[in-house]
Amino acid sequence: MSSTMKAVTFHEHGGPEKLIYEDVPLPHVGPDEILIRVKACALNHLDIWIRQGIPNYTISLPHISGCDLSGVIESVGTAYSGHLEPGQSVLANPGMSCGNCDECLTGKENRCAHFQILGAQRNGGYAEYVNVPALNVLPLPENLTFEQAAAFPLVSITAWHMVKTLADVQPGESVLVMGGGSGVGSMAIQMADLLGARVFSTVGTEDKKAKAKMLGADEVIDHSSENLSERVAALTHGHGVDVVIEHIGQEVWDHCMKSLSRGGRLVTCGATSGGSNQFDVRYLYSRQLTIMGSYMGTRDELLETSRLIETDKLRPVVDSIFPLKEARAAQEHMLARKFFGKIVLKVDQAG
Ligand SMILES: [Zn+2]
């Protein structure tokens, strides 16, 4: 095995042109880590923020992005004594935590003060090889390709934490999933449908409507050309929806709030259009609304969603596949918002 590998790195923060396909040293594998030969790595919006540079994430440069990856075990660390073996197909849980604090010990590791994301605070899967803590390595569900397996972990735990754990969607409730073509949105539509809700979703272009319906959305609204809250009011006879699953931010925030029924709850996990949202506190309390912030999810939730995928109750949605060396084009495709589902990098070793 060579001492170097191909990877897509950036040496300074900035636009997509900062991404460089180059030779870098193979990662060092710690005693409790596993070295994975990467087969596929999905993009997340976090990759863009990390490349641009955001205050909440301190990273060392050069950096390798990529939170969601699948591949084959190349080797295991010297202290590893578990059941995983070289040659086995696996995927990585992107969330890493200390394992010892009260939050970790009670299964709420996404609240751990030391919580980190693979590919964010440490190098990720835009590479031929990546070292991952052994606790974060899981066998690949048998019914999935490497590309499908890379496409689900981060968005599944995020969406399940929002739809099931926080919103606790009940059969017969109505759920509005913002941005149904996004990774989180494409999962949240399926999850709300699985839990027995009437599902509304939004998309930014007309051609995505049919795809959102295929995933289980009962009504799809084009939020770029239609008045969202008025459409929701009309479709619910003025009642509004019980739950909004949100991650777009300021462009749609007002409409999301106005789409909620009395006693409705909004869960947000992102702000891709910006985070300066305003609302009138009087509107919040008089309509008895609840706003919840959500960040990633837990190991438990990854195992649950993994089982739902294995039994075909949920399916990863892959928009497109790019070779590793075209990571820049892949990120530009994401920024153009023309995708539906996950954009995945395919990693072919030695080329
Ligand atoms: Zn912890």
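Whatever order the structure lists them in is the order used to number ligands and atoms, beginning at 1.
At a cut-off of 2.8 Å, His114 is not counted among the residues with an N, O or S atom near the Zn ion (ligand 1).
Contact check on Arg37 versus Glu128 returns no salt bridge, with no Lys/Arg side-chain nitrogen under 4.0 Å from an Asp/Glu carboxylate oxygen. Between Glu219 and Arg198 there is a salt bridge, with a side-chain nitrogen of the basic residue lying less than 4.0 Å from a carboxylate oxygen of the acidic one.
Using a distance-only test at 3.5 Å, with no hydrogens or angles considered, no donor-acceptor pair links the side chain of Arg51 to the main chain of Leu46.
At the Zn ion (ligand 1), the vertex angle linking SG of Cys98 with SG of Cys112 is 110° (nearest 10 degrees). Rounded to the nearest 10 degrees, the angle SG (Cys101) to the Zn ion (ligand 1) to SG (Cys104) equals 110°.
Between Trp253 and Phe279, the ring-plane angle classifies as tilted under the 30° and 60° cut-offs.
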